[in-house]
Structures are given as structure tokens and as C-alpha cells.
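Some notes on the structure that comes next.
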Amino acid sequence: MQGCVKVWDISQASGKNLVSTLDCLRDNYIRSCRLLPDGRTLIVGGEASTLTIWDLTSQPRIKAELTSNAPACYALALSPDSKVCFSCCSDGNIAVWDLHNQTLVRQFQGHTDGASCIDISPDGTKLWTGGLDNTVRSWDLREGRQLQQHDFTSQIFSLGYCPSGDWLAVGMENSNVEVLHQSKPDKYQLHLHESCVLSLKFAYSGKWFVTTGKDNLLNAWRTPYGASIFQSKESSSVLSCDISADDKYIVTGSGDKKATLYEVIF
């Protein structure tokens, strides 16, 4: 079902307790969703100009809508204090939303094609974005300006900034993963994927990160040099991934309409 988000209670032994189904974007594909730390507020974006904000308490409902000029949102990020939402727009802009007042407060402009992926530094001062224009850019959130631009030979599909600092990992359409130092020329290029690297996420410890691909693979790597920790192959493209705050679980979403929960033991 296009445009829908399913909410699950994974505290149950079976891990299969469906709590609710949210009709978010009315038959348009969902590209990203972010749950606020309160566990009650969900922001959803995708192939529509509107982001929907959901109240997930007893009877889930849309409590606000944020509408931009761009026809689609490709990725979302939240500030550490959850007061601001950043949306990567298909027109290349990064829209900055005040969630309390539900207003657009700023746009970062620089990407010449769709902004596809995003991450924010743990202290909330710097934003990293990747684009279909083959660039990764960093932004100063206090001054509202671009700090750096890194040029690649392939479209950028995913990225993550290491929570312990210094390193940025980038997943590309050409199957490469590159790990860059934010201030030095040091760089590592990793080659275990056979197709587009669709998602990327650092563990909260910063000691490892995972990537997923169109090649059905989930790879886990050591930071920063990319020694392989483990690899898992699913039955379809692995479109998205996330890691629990205690680094004990990885969850993936795949093209065969399945979410898979992995327990990390190493």
C-alpha cells in the first residue's frame, strides 16, 4: 500500500504486534519518516510537496502539514533538541522547519539537483547533505552558510556523520562507499557492494556503521577504514536501515515489503 506507515510494538515476544496503519501521503511513495524522542510525534515525507506531522497517541491523527515549493522530499533529519526538522527537497534545496510554529524558517541552497540524503552533527551545529548532483556539502547551522563541498563521480544516495566525530561515510550510486575525514585529506574507499548503496547509518558509539544496497546486501564496517565486520544477504533490495540507541539492534526495510530486525552480538 503506497503512502502508508505501519506502527509496530516490538516489545511483544513475537515482534509482530501491528499498532496502527497511517494513510500519510494518499498513494504517493514515502521516502522518509522520523519519530521524535517523545515517541508520540511522527514526521513523514515523500513524493509530495507536503510533510505530514502525526500525533501517535491513542487515536493517531495528522496534527499539522508543512508544505514547500518542491514536488518531493527525499530525506528528513531532526535537530538534537527536536525543535527543527530539515527536509531534503527534489529541487536541491534543504528546507528548515520550526516544528513548534510549523513554519519554514530557512532554506539552504547549493545542490543543483535533488538533495538525496542528510545527517546532522551530534552538537547540532553542522549539517551534511548529499545530492544527485554528485556532491556532498556541509552547512553551518548557526551562520546559515555552506562550509565545504566534496565532488564525486557518482550520485550520492546515502551518508552518515560519525557520532564520535571527524569521519563522514558516503554511499554512492556506483556501489562505492567512501569515508572522508572532515578536516584532513584522509580517505578510504570501500568495495563490497555490487550496486547502488541505498542507505547508511553509524552506530551511536561511532565504532562501526552499516550500509545497505540494491544488491540485497547489508554490510557492517569498522570506522573509519572499513574492515568488514559482517554481511547479510536479504531476498530483495535493502532500501533503508537504522540502529537502536543502544547499538544492540539493526532494522532494515526491503523491497519485498518486509522489515527485518537484527540483534547485534560482537
Side-chain angles (χ1 to χ4, degrees), residues 10 30-37 42-45 74-80 82 85-88 115-124 126-130 136 138 156-173 175-180 182 188 190 192-193 195-234 236-255 258-266:
I10 61 171
I30 290 170
R31 291 292 196 114
S32 184
C33 60
R34 286 289 177 267
L35 183 66
L36 269 63
L42 183 74
I43 305 174
V44 180
Y74 291 158
L76 295 167
L78 293 170
S79 61
S82 299
C85 177
F86 304 90
S87 62
C88 286
S116 56
C117 49
I118 187 167
D119 202 6
I120 189 168
S121 61
D123 62 6
K126 187 183 291 185
L127 197 69
W128 298 87
T129 59
V136 168
S138 64
I156 313 301
F157 279 9
S158 55
L159 60 74
Y161 183 71
C162 180
S164 54
D166 294 337
W167 297 100
L168 179 79
V170 181
M172 287 175 277
E173 189 273 337
S175 82
N176 288 347
V177 176
E178 291 201 15
V179 184
L180 317 174
Q182 69 161 348
Y188 300 93
L190 316 180
L192 281 182
H193 283 287
S195 188
C196 316
V197 183
L198 299 175
S199 71
L200 187 155
K201 179 73 175 181
F202 270 94
Y204 286 82
S205 68
K207 295 178 180 178
W208 53 278
F209 64 96
V210 294
T211 58
T212 75
K214 194 176 179 180
D215 54 6
N216 306 4
L217 291 177
L218 164 69
N219 280 305
W221 318 81
R222 290 205 182 277
T223 308
Y225 51 90
S228 177
I229 300 172
F230 66 84
Q231 184 181 86
S232 177
K233 188 154 190 173
E234 298 194 6
S236 183
S237 296
V238 189
L239 307 177
S240 59
C241 67
D242 207 350
I243 299 174
S244 63
D246 59 8
D247 288 345
K248 291 184 178 179
Y249 298 95
I250 299 168
V251 64
T252 61
S254 63
K258 291 179 182 175
T260 303
L261 186 66
Y262 297 84
E263 185 175 7
V264 180
I265 305 171
F266 77 93

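Thr252 and Glu234 share a side-chain donor-acceptor pair at under 3.5 Å.
Annotation: side chain of Val197 is not in contact with side chain of Met172 (no heavy-atom distance under 4.5 Å). Residues Ser237 and Asn216 form a side-chain contact, since some pair of their non-hydrogen atoms from C-beta on lies under 4.5 Å apart. Here the side chains of Leu192 and Leu217 are not in contact, with every heavy-atom distance at 4.5 Å or above. Counting heavy atoms from C-beta outward, Leu200 and Phe157 have side chains that stay 4.5 Å or more apart. Contact annotation: the side chain of Ile250 approaches that of Val264 to within less than 4.5 Å [non-hydrogen atoms, C-beta and beyond]. Between Thr223 and Val179, every side-chain heavy-atom pair lies at or beyond the 4.5 Å cut-off.
Scanning all heavy atoms of the two residues, the minimum distance from Pro122 to Pro80 falls at O-CG, 3.4 Å. Across all their heavy atoms, Gly130 and Ile156 have their closest contact at CA-CG2, 3.9 Å. Of all heavy-atom pairs spanning Gly206 and Ser164, the tightest one is CA-OG, 3.8 Å. For the pair Cys88 and Ile118, the tightest heavy-atom approach, listed with the atom from each and the gap, is SG-CB, 3.5 Å. Pro163 approaches Ala203 most closely through the heavy-atom pair CG-O, 3.4 Å. Scanning both residues, Val44 and Cys33, for their nearest heavy atoms gives CG2-CB, 4.0 Å.
From Asp246, atom CG reaches atom OG of Ser205 across 11.0 Å, with rounding to the nearest 0.5 Å. Gln182 CD to Ser121 OG: the interatomic distance, rounded to the nearest 0.5 Å, is 8.5 Å. Atom CH2 of residue Trp128 and atom CG of residue Leu168 lie 5.0 Å apart, to the nearest 0.5 angstrom. Between atom OH of residue Tyr249 and atom CD of residue Glu263 there is a gap of 4.5 Å, rounded to the nearest 0.5 Å. Atom SG of Cys196 is separated from atom NZ of Lys214 by 5.0 Å, given to the nearest 0.5 angstrom. Taking CD from Gln231 and CG from Leu218, the interatomic distance works out to 8.5 Å, rounded to the nearest 0.5 Å.
By the 30° and 60° cut-offs, the orientation of the rings of His193 relative to Trp221 is tilted.
The ring pair (Phe, Tyr, Trp, His ring centres under 6.0 Å) search around Phe202 returns Phe209, not counting sequence neighbours.
With respect to Trp167, the ring pair (Phe, Tyr, Trp, His ring centres under 6.0 Å) criterion is satisfied by exactly one of Tyr188, Tyr161, Tyr225: Tyr188. Looking at Thr212, Val210, Leu198, Thr211 one by one, the single match for side chain to side chain contact (heavy atoms under 4.5 Å, CB included) with Val238 turns out to be Thr212.
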Could you walk me through whether Asn219 and Leu190 pass side-chain contact (heavy atoms from CB on, under 4.5 Å), step by step? CA-CA 11 Å; Asn219 280 305; Leu190 316 180; over 6 Å; no
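With Ser82 contributing its side chain and Leu36 its backbone, the two residues share no donor-acceptor pair below 3.5 Å. The main-chain N or O of Ser254 is never found under 3.5 Å from a side-chain atom of Ser236 such that the two would form a donor-acceptor pair.
For residues 200-211, the salt bridge (Lys or Arg N to Asp or Glu O under 4.0 Å) pairs, not counting sequence neighbours, are Lys201-Asp242.
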